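Comments concern the structure below.
Computed from heavy atoms alone, side chains included, the values below leave out hydrogens, waters and symmetry copies. This structure is a prediction, so every number in the text was calculated from the model and none was measured. Within every chain, numbering begins at 1; the chains are lettered A, B, ... in the order of the sequence lines, protein sequences first and strands thereafter.
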2 protein chains.
Amino acid sequence: MDKLSSLCFLILSIVTVLVVSRLWFPIFVNLPPEDMNDEKQSFEKHISLMSKAPHHPLDPLTVQEINKVRDILSSYEPFSNSFPTIHSLALEEPDKSLVLSWEFGDPLPPRRAAVVGILHEQVHVLSIDLELHRVIRHTANPTRGYPMITIEELLSAFDVALANSNVQKSILARGVKLKDVKFLSPSPGWFGKEEEGRRFAKLQFYTLQGTSNYYMRPIEGLTVTVDLNKQEVIKIADTGKGIPIPRSANTDYIYNGEKEPPEIKQINPISIEQPKGPSFTVENGHIVKWGRWEFHIKPDQRAGMVISRVMVRDSETGELRNVMYKGFPSELYVPYMDFDEHWYFKTYMDAGEYGLGLLSTSLVPLNDCPRNSYYMDGVFVDGNGKPYVQENIICVFERYAGDISWRHTDTLLPNAKSGEARQKVTLVARMTSTLGNYDYIIDWEFQTDGLIRVEVGLSGMLMIKATPKEYTENKDNEGFEPLVSENAIGVVHDHYITFYLDMDVDGVNNSFVNIDLVKEEQVNKSPKSSPRKSIYKPYKKVAKMEDEAKIILSLVDPSEFHVVNPTKLSRLGNPSGYKIVPTATAASLLDLDDPPQIRSAFTNNQFE
Amino acid sequence: MDKLSSLCFLILSIVTVLVVSRLWFPIFVNLPPEDMNDEKQSFEKHISLMSKAPHHPLDPLTVQEINKVRDILSSYEPFSNSFPTIHSLALEEPDKSLVLSWEFGDPLPPRRAAVVGILHEQVHVLSIDLELHRVIRHTANPTRGYPMITIEELLSAFDVALANSNVQKSILARGVKLKDVKFLSPSPGWFGKEEEGRRFAKLQFYTLQGTSNYYMRPIEGLTVTVDLNKQEVIKIADTGKGIPIPRSANTDYIYNGEKEPPEIKQINPISIEQPKGPSFTVENGHIVKWGRWEFHIKPDQRAGMVISRVMVRDSETGELRNVMYKGFPSELYVPYMDFDEHWYFKTYMDAGEYGLGLLSTSLVPLNDCPRNSYYMDGVFVDGNGKPYVQENIICVFERYAGDISWRHTDTLLPNAKSGEARQKVTLVARMTSTLGNYDYIIDWEFQTDGLIRVEVGLSGMLMIKATPKEYTENKDNEGFEPLVSENAIGVVHDHYITFYLDMDVDGVNNSFVNIDLVKEEQVNKSPKSSPRKSIYKPYKKVAKMEDEAKIILSLVDPSEFHVVNPTKLSRLGNPSGYKIVPTATAASLLDLDDPPQIRSAFTNNQFE
């Protein structure tokens with residue numbers, strides 16, 4: 001049985017950053033307009049979002065569909081007196097088999113919405129059929145999972161915290177005016193059974209006085225825990241007296257070219273140009289076609305961007321072949337390394353708690369994406385269940401970076417002096433997410449040779465812990481906290497971004513194969529044997545159980561990782577397949593029974 | 001004593017490739033013209049190479065200087081009867097202290113040439129002073145090292161081998177015409193004391209019949225060992241009878257767009273454009289200035305391209321600060337994994353044996369490098385000591401790949417809706433080297449934020465071992481040889497490229513610091529202690545001895561690696577420094593006492 005569940009999780013790219021840090025800043029960019037019938041968009045869109053209809057089984061819910069879901073919920077009996085707050089509302093994707101058998105021209109499989117709401121502190125998980133116009137599944141108070149956090153409940157929690165007289169006293173005692181106060185709500189994590197079943201936020205405060213970069217000006221040692229369901233303060237931890245607020249000087253981040261000394265030459269304009277326009281098309285707003293590639297892109301509240309139904313045209317037959325059913329960032333986990341009362345809990349899970357899509361920001365043409373980019377809007381849902389549009393959160397473009405896709409010169413041959421050299425042109429689908437101080441940039445890059453590359457960039461500002469220290473004391477052979485400015489420590493942490501890859505190479509029957517490279521020594525040496533003592537050989541190990549695909553990478557025990565279709569053999573008998581190449585990775589150093597590691601057990605291995 | 005020798009070797013990027021392989025093909029692109037006074041170049045060059053004079057202590061030897069060296073050697077008494085064959089001839093760089101104290105306008109330090117020659121089977125290592133017009137140092141038969149291999153002696157060895165009647169018989173018996181035979185001379189490596197002090201080539205043969213890609217058509221199992229000094233056949237190993245030559249069908253690599261099925265859309269023209277031209281300058285042919293950066297580039301026979309005197313302008317004072325004295329690929333080591341008599345010895349050291357610069361090829365404008373590139377020629381020396389020009393072997397250009405250098409959006413602030421987003425523009429210096437079937441692409445990329453990135457690309461064709469097999473037999477849990485086509489195995493191997501980095505951060509007094517990330521568990525838990533069980537902390541470990549900078553990377557025992565100047569402290573007391581970030585790396589699996597591993601001991605660790 002060399003078959004493995006096609007659900008293959010992969011920690012594809014993990015970046016360990018030492019002196020930068022990270023904090024939650026839970027505000028999205030385009031606040032929902034009061035009424036979606038107001039045409040707010042100032043420029044013409046490829047697709048009129050107001051009238052858009054779904055064309056593909058995986059197309060996200062449209063504005064009209066979301067309004068319909070809201071209608072259905074409003075008239076649903078359990079909610080007839082009071083409408084729940086909506087914590088997530090999105091397409092419930094049809095079964096994979098339905099999607100795979102669907103062809104253009106066929107009617108769409110039933111359109112359904114998956115909804116998570118809260119009413120009177122009760123969680124409701126619902127499935128709604130848009131054609132049947134009714135709720136078809138309803139679970140109240142499920143035993144697993146928590147609803148996503150909404151911006152509305154955090155803003156409300158901030159009001160509740162700031163109205164507390166003890167909180168006010170503490171802030172004013174630091175010399176900060178209440179009007180300058182900004183808040184952040186780092187993910188509180190989960191620390192033991194007494195926190196089970198409770199939803200709360202831990203609010204921390206900053207001053208905007210003297211800078212736009214308030215991240216640099218924490219009011220250290222003040223943490224207010226607010227029960228999100230009850231919206232009441234349940235704990236004030238105030239231990240930071242005597243810790244100064246780091247200064248504001250030189251902390252701003254707005255670009256001002258005049259700051260550069262005259263000796264530094266400015267860079268001339270530069271751009272990627274395509275005189276005949278781009279060579280890709282986007283059909284019905286979601287199907288991207290470029291060269292041999294064809295795939296579906298959709299914005300997603302949680303993952304930010306989901307790539308589905310990836311197919312590549314065979315170079316000989318011209319027929320489309322399946323490569324991947326679905327791929328997306330499944331979680332973004334950022335644990336900080338500090339036992340301090342105000343820091344120990346900071347173990348963000350940004351995708352599941354706040355949503356990479358909900359926190360996406362509008363891309364800035366020519367700066368965030370090159371000329372000739374195609375921009376895609378996201379349609380998301382606010383806490384009241386109303387749809388709103390986040391403009392330009394995905395861009396698709398062709399990249400030429402001056403690189404070479406293939407070259408060879410062979411001067412033994414006549415007339416081959418200049419050789420062959422081919423430009424490397426790729427197609428990129430990009431989304432960004434502003435998760436507090438950090439901006440993540442997630443690219444899916446498709447190459448003409450069949451390679452798919454996922455790249456994650458990290459930008460933004462540092463996360464600071466205030467300290468009385470003004471001068472570093474990092475001694476040799478001692479642990480230290482990196483001092484990045486006067487009174488400012490950059491708390492050590494990791495960024496783990498894990499990717500879900502459902503590979504479907506030439507069909508759904510795929511296996512995970514570990515090609516283990518094993519040292520072989522030459523034994524029983526005869527006079528005629530090789531002068532060489534050792535080599536290594538690849539060993540093919542097909543995973544029989546999911547556990548065999550849980551892998552901790554090791555430089556000294558190396559492997560390749562293939563996803564193959566054992567039923568589709570080449571004329572040589574090799575199965576068709578893709579190689580999965582992890583690049584920058586990191587292993588967690590936390591104890592396996594530490595609460596953050598229990599919660600993020602998906603980072604125990606680099607493949608899961 | 002936290003000072004470390006500034007000679008810091010780094011295995012920066014090591015690529016493990018499973019199913020591709022590699023073979024030596026020792027022909028360079030531009031054969032030396034008979035007389036350099038013939039103006040062969042068909043287009044105007046930025047610098048007329050014929051009249052060029054050196055302007056910087058590190059500028060390579062000019063055509064005129066090389067001719068002068070030849071004159072000096074010709075009249076040198078030991079060579080008065082017979083001129084040695086020249087195996088390398090290049091600038092002997094002045095002492096670092098002289099280079100560092102030199103300023104533009106000063107006279108150049110004495111210009112010297114380092115020469116390795118062979119005469120009557122004796123090796124001569126010479127140092128020649130061009131101003132004194134004489135040999136100032138001469139060592140005959142040094143006890144360490146071997147001269148580089150020249151193209152002339154390999155071509156001659158091929159003639160000797162092909163003239164051998166047993167070799168002819170063996171080739172004809174395979175049905176190959178002698179006129180179709182091409183040869184390769186894989187590095188023979190070093191296998192024990194009986195090979196000490198001998199210089200030989202192991203020639204192998206291919207047929208060009210039916211394809212331009214003769215790499216796919218080996219005459220397997222025929223290896224002819226030729227003594228390079230004596231130019232005589234010393235051994236014929238002929239064990240390949242019955243092994244077919246793989247077929248020629250579909251092996252050609254010349255691009256033909258018509259092969260694509262009509263369903264595949266072609267890609268429109270795309271380019272990087274700069275309406276105001278590039279923003280970098282190249283002064284005197286070697287000093288590159290761009291943004292804050294300033295550095296010296298020179299082509300080098302062995303390393304291909306050497307980057308020296310890298311400085312960056314301080315963003316506050318506008319003053320130039322030292323970053324790196326010198327950086328280049330120090331070796332390119334490619335061991336194959338096969339005990340077979342015709343394969344065990346294939347353990348290439350391409351830089352030291354053949355020369356990445358000597359085997360560089362002319363870059364093809366718009367395909368190998370984008371528009372607005374600056375191209376640099378190499379001046380090298382043939383076996384007779386005569387200079388010749390390899391055109392366009394280095395290009396320098398500005399890259400814009402549609403990427404973001406920095407972005408942040410903060411919607412808590414008024415009027416900040418669109419946020420900040422900045423284009424990422426970098427400067428790239430590129431060289432390529434065609435080492436047999438493989439083309440290496442080596443880029444040094446300079447960023448506006450101070451980062452320097454070294455990237456190595458690998459292109460070209462597969463290296464094949466012929467086999468009677470036509471169908472794969474890779475069984476689970478068994479070692480295998482990958483079958484890549486009928487009768488063709490891609491022999492497993494590694495590519496190790498090591499980089500020499502002489503960092504001079506703010507001066508020559510630099511230390512290597514291991515920032516070790518160490519797990520810390522919370523002990524003696526009190527009721528008030530943290531709910532968190534574990535964190536990790538950075539520990540600063542300054543290398544006191546070179547051995548402490550020999551490092552095997554481990555995912556589960558991670559570190560950062562800093563090169564700092566402990567005498568240049570910031571206002572916070574942190575030393576100025578650079579972080580060295582190894583990316584794709586591999587550990588050798590060979591026995592430490594295997595002859596190839598003894599010779600390539602520099603790959604025992606990832607830092608040396």
Side-chain angles (χ1 to χ4, degrees), chain A residues 27 29 191 212 261 263-264 267-268 270 273-274 276 279 292 313 318 337 339 344 361 364 367-368 370 399-402 406-409 411 413 421 423 425 434 439 459-460 471-472 474 476 479 483 519 530-537 539-540 542 555-556 572-574 587 589-591 594, chain B residues 27 29 191 212 261 263-264 267-268 270 273-274 276 279 292 313 318 337 339 344 361 364 367-368 370 399-402 406-409 411 413 421 423 425 434 439 459-460 471-472 474 476 479 483 519 530-537 539-540 542 555-556 572-574 587 589-591 594:
Chain A
I27 294 293
V29 171
F191 290 89
S212 60
E263 296 85 355
I264 296 174
I267 290 170
N268 292 342
I270 186 166
E273 297 294 338
Q274 298 174 279
K276 293 186 177 171
S279 357
R292 296 179 181 187
R313 221 168 263 285
M337 299 297 149
F339 288 124
Y344 76 88
T361 54
V364 181
N367 285 352
D368 276 327
R399 164 181 288 162
Y400 171 58
W406 192 82
R407 86 185 309 274
H408 187 63
T409 303
T411 48
L413 303 175
Q423 275 193 337
V425 182
T434 299
D439 290 46
S459 183
Y471 200 80
T472 196
N474 305 351
D476 288 2
L483 195 70
K519 182 166 84 167
S530 173
R532 184 80 167 261
K533 288 179 193 287
S534 57
I535 63 166
Y536 67 79
K537 261 195 178 166
Y539 277 67
K540 184 180 154 192
V542 179
L555 208 61
V556 295
L572 302 173
N574 289 314
L589 297 186
L590 298 188
D591 282 345
D594 201 6
Chain B
I27 293 292
V29 171
F191 290 89
S212 59
E263 295 85 357
I264 295 175
I267 291 170
N268 292 343
I270 186 167
E273 297 294 338
Q274 299 174 278
K276 294 187 177 172
S279 359
R292 298 182 180 185
R313 222 169 264 285
M337 299 297 149
F339 288 124
Y344 77 87
T361 55
V364 181
N367 286 352
D368 276 327
R399 164 181 289 161
Y400 170 59
W406 192 84
R407 86 185 308 275
H408 187 64
T409 303
T411 48
L413 303 176
Q423 275 193 338
V425 182
T434 299
D439 290 46
S459 183
Y471 200 79
T472 197
N474 305 351
D476 288 2
L483 195 70
K519 182 167 84 168
S530 173
R532 185 81 167 262
K533 288 180 192 286
S534 57
I535 63 165
Y536 67 78
K537 262 196 178 167
Y539 277 67
K540 183 179 154 193
V542 180
L555 209 62
V556 295
L572 302 173
N574 288 315
L589 298 185
L590 300 187
D591 283 344
D594 201 7

- Of B/P370, B/P531, B/S534, B/S279, the largest count of non-hydrogen pairs under 4.5 angstrom with chain A goes to B/S534

- Task: Evaluate the side-chain proximity of B/H408 to A/T434: yes if any heavy-atom separation is below 4.5 Å, no if none is.
- Result: yes

- If one checks every heavy atom of A/K537 against chain B at 4.5 Å, the contacting part turns out to be side chain

- Sort A/F191 into side chain, backbone, both or neither according to what part of it lies under 4.5 angstrom from a heavy atom of chain B. side chain

- Message: Looking only at heavy atoms and a cut-off of under 4.5 Å, which of A/T472, A/N574, A/D439 has the most pairs with chain B?
- Response: A/D439

- Message: How close do A/S530 and B/Y344 get, counting heavy atoms only, and between which atoms?
- Response: OG-CB, 3.3 Å

- A/M337 CE to B/R532 CZ distance, which is reported to the nearest 0.5 Å: 5.0 Å

- Rounding to 0.5 Å, atoms CD1 (B/I267) and NZ (A/K276) come to a distance of 13.5 Å

